[in-house]
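First, the structure itself, so that you have it in front of you.
Naming convention: chains lettered A, B, ... in sequence-line order (proteins, then strands); numbering from 1 in each chain.
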Number of protein chains: 2
Amino acid sequence: MPAPQSPKQNRMLAALSLAGYTHLLPLLELVPMPAGYVIYELGLPIKYLYFPTTCIVTRLYETENGACTQIGIIGNEGLADISVLFGGERSRARVIVQSTGEAYRIKAGILKSEFEAGTELRHLLLRFAHALMIQTEQIAVSNRYHTVDQQLAYFLLMSLDRLSGNELHITHEQAGIMLGVRRESVTVAANKLHMAGAIHCRRGHIAIADRKQLEASAGENYKIVKEEYERLLETYLSSASRFGRSPEKQFKRFFQSIE
Amino acid sequence: MPAPQSPKQNRMLAALSLAGYTHLLPLLELVPMPAGYVIYELGLPIKYLYFPTTCIVTRLYETENGACTQIGIIGNEGLADISVLFGGERSRARVIVQSTGEAYRIKAGILKSEFEAGTELRHLLLRFAHALMIQTEQIAVSNRYHTVDQQLAYFLLMSLDRLSGNELHITHEQAGIMLGVRRESVTVAANKLHMAGAIHCRRGHIAIADRKQLEASAGENYKIVKEEYERLLETYLSSASRFGRSPEKQFKRFFQSIE
DNA sequence: GTGGCTCTGTACGGCGACACACATAGGCAC
DNA sequence: GTGCCTATGTGTGTCGCCGTACAGAGCCAC
């Protein structure tokens, strides 16, 4: 495991080759990320992009009348927010810190240039973007077909996968905002999950009691996204070793035949 | 207007510089795209990517028990399917032809190489990917908050924006599959839109009667995505002129500093 | 025109979530 | 402990969509 307070706590950064990492290192700055901090919002200028280490970041979509839905969650496997790199300056998504922690930030313009220039970083970022898209697609499906119970289970699992403990500091009200449902619906759903033995609730806290049970409650919903993220992390690892040896050469061979 | 049966009917290809376009041209092949043709499905090999000209392509997401939801629609402004370029080989999205027409196809491996190599094409593709992500995000929100009427209106507008006429060849059953609702719900919703004077239905056909009214029925849903796609097309136009003059200059500096 | 298939319209009970209202309980400040 | 604020639990009526069932209507083949 990497030492505390190292950029390598972010798995994407850890996946970089030595050359790529040392190149990026002086451009990174450790910053605290308090819950509620707005990283990106329509109309606000974007100065920095963030590689989370111990915080988690949520992508929300707000409708005209103020209703929200979470459309993605980002932990130490990624970057907040990737959409800036795609050239579409405007997005209705609002990106905020969901859980207090730390991140390494980098000037948005610099990372954009790095994204343009270096194949290695770009590959990692695109691969991550793909996983994020699958997350959003899955949420779209979930919003149509799944019950609040299932969605709450999914949300808890996704969040806790990206945190060290097994307890989430969140009220039913806040969870309701994330899921785009009423606070009361969260309460009812949480009670169902509690009855099933999956979670344990305290005032302002939700903890996993039985992970297997919780995963069962979430259904295919979680399974698919989890698998995708496991594949993402595998890609990170293989990328690190591949690029570690001889950056560009190995990369070319990769396209000729899959090793 | 471009001549019939030219790759320039696809707006992304039309946005390329002369150099980029002539480079790509011999690699493109005109193919008919019959409705229902599967472009991409989990488990099937991907040989070709498609630049639609007169067809429209839909991205569906299928759950384990066979229920579907549309998570995106692609016309002559884009490419089907971009996810292949991102390095995530697997996606649960199924990409099929929704409306019969034509497209220019290119070998997936070749376009992937072009995507890696050329900044111009990559910029266009990423910009398009951003618009597609916003579409998916919007659908996620829509699936939570909007009624079937609104979603049907949105679907009709998005489809007909990408076709030449103002009539869609589609049954209520098929529309129901796209929206992820029952056939009967589509019938009821279509009648509401008909009563409002927005559309006119025939057996197997739905036509716009009053576009303003239909847009009003769709709500912010459509407006946001439409604006995003207008911005995308503007980017295409400005890109064509910018790259026409001096292609790689702005990124050269960073290539040097990397080495 | 006639038959037959597909598409469309309508109805009814059920369920999940919503809006609203209100009661209870946890935990911090003092 | 006491008070107070916030978080949580519960109930009632409404609404939108689902599942199911069935009737009518359009259109092609013959």
Practice prompt. Taking atom types as modelled, find out whether B:Gln98 and B:Arg59 have a side-chain donor-acceptor pair closer than 3.5 angstrom.
Written response: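 B:Gln98 vs B:Arg59: no donor-acceptor pair found between side chains.
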Worksheet item: Is the closest side-chain donor-acceptor distance between B:Glu167 and B:His205 under 3.5 Å?
Response: yes
Discussion item. Could you tell me how far apart B:Ile170 (CD1) and C:dT6 (P) are, to the nearest whole angstrom?
Written reply: 18 Å
Worksheet item: Is the closest side-chain heavy-atom distance between B:Leu163 and B:Asn166 below 4.5 Å?
Response: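 No - every pair of side-chain heavy atoms lies 4.5 Å or more apart.
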Worksheet item: Which nucleotide, C:dT8, D:dT10, D:dC18, lies nearest any side-chain atom of A:Thr187?
Response: D:dT10
Worksheet item: Hey, does the side-chain of B:Arg183 have a donor or acceptor N/O within less than 3.5 Å of a partner on the base of D:dG19?
Response: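 No pair found.
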Worksheet item: Which whole-number value in Å describes the distance from A:His194 NE2 to D:dT10 P?
Response: 11 Å
Worksheet item: What nucleic acid atoms does A:Arg202 come within less than 4.0 Å of, heavy atoms only: base, sugar-phosphate, or nothing?
Response: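 Contact class for A:Arg202: sugar-phosphate only.
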Item to complete: Could you check which of C:dC7, C:dA17, C:dT10 has an atom nearest any side-chain atom of A:Ser185?
Response: C:dA17
Discussion item. Rounding to an integer number of Å, can you tell me how far A:Gln150 CD sits from C:dG16 P?
Written reply: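 Roughly 11 Å, once rounded to whole Å.
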Item to complete: Check whether any side-chain N or O of B:His172 sits under 4.0 Å from OP1 or OP2 of C:dG9, and answer yes or no.
Response: yes
Fill in: Interatomic distance, B:Arg203 CZ vs D:dG24 C1' [rounded to whole Å]
11 Å
Discussion item. Measure CG/A:Asn143 against C1'/D:dC17 and give the value in whole Å, please.
Written reply: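 Checked: the CG to C1' distance equals 15 Å.
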Worksheet item: Across the strands shown, which category fits B:Thr147 at heavy-atom distances under 4.0 angstrom: base, sugar-phosphate, nothing?
Response: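 Contact class for B:Thr147: sugar-phosphate only.
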Discussion item. Strictly distance-based, threshold 3.5 Å: is any side-chain N or O of A:Thr100 a donor or acceptor partner for the main-chain N or O of A:Ala35?
Written reply: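 Yes, because the side chain of A:Thr100 sits within donor-acceptor range (under 3.5 Å) of the backbone of A:Ala35.
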Practice prompt. May I have the distance from B:Leu152 (atom CG) to D:dC17 (atom C1'), rounded to whole angstrom?
Written response: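 Going from B:Leu152 (CG) to D:dC17 (C1'), I get 15 Å.
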Fill in: Residue whose closest nucleotide on DNA chain C lies nearer the 5' end, A:Val148 versus B:Val188
B:Val188
Practice prompt. Spell out yes or no: do the side chain of B:Glu184 and the base of D:dC18 have one donor N/O and one acceptor N/O closer than 3.5 Å?
Written response: no
Worksheet, complete the sentence: From OH of A:Tyr145 across to C1' of C:dG16 the rounded distance in Å is 16 Å
Item to complete: Select from A:Arg144 and A:His205 the residue whose nearest nucleotide in DNA chain D is closer to the 5' end of that strand.
Response: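 First, find each residue's nearest nucleotide; the 5'-ward one identifies A:His205.
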Discussion item. In this structure, how many angstroms lie between the P atom of D:dC17 and the NE2 atom of B:His146, rounded?
Written reply: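 These atoms are roughly 12 Å apart.
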Worksheet item: Is any side-chain nitrogen or oxygen of A:Asn191 closer than 4.0 Å to OP1 or OP2 of D:dT8?
Response: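 No, no such contact exists.
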Worksheet item: Is the closest side-chain donor-acceptor distance between A:Tyr48 and A:Glu29 under 3.5 Å?
Response: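 No, because no side-chain N or O of A:Tyr48 sits under 3.5 Å from a partner of the opposite role on A:Glu29.
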Worksheet item: Is there a donor and acceptor pair, one atom on the side chain of A:Arg182 and one on the base of C:dA17, closer than 3.5 Å?
Response: no
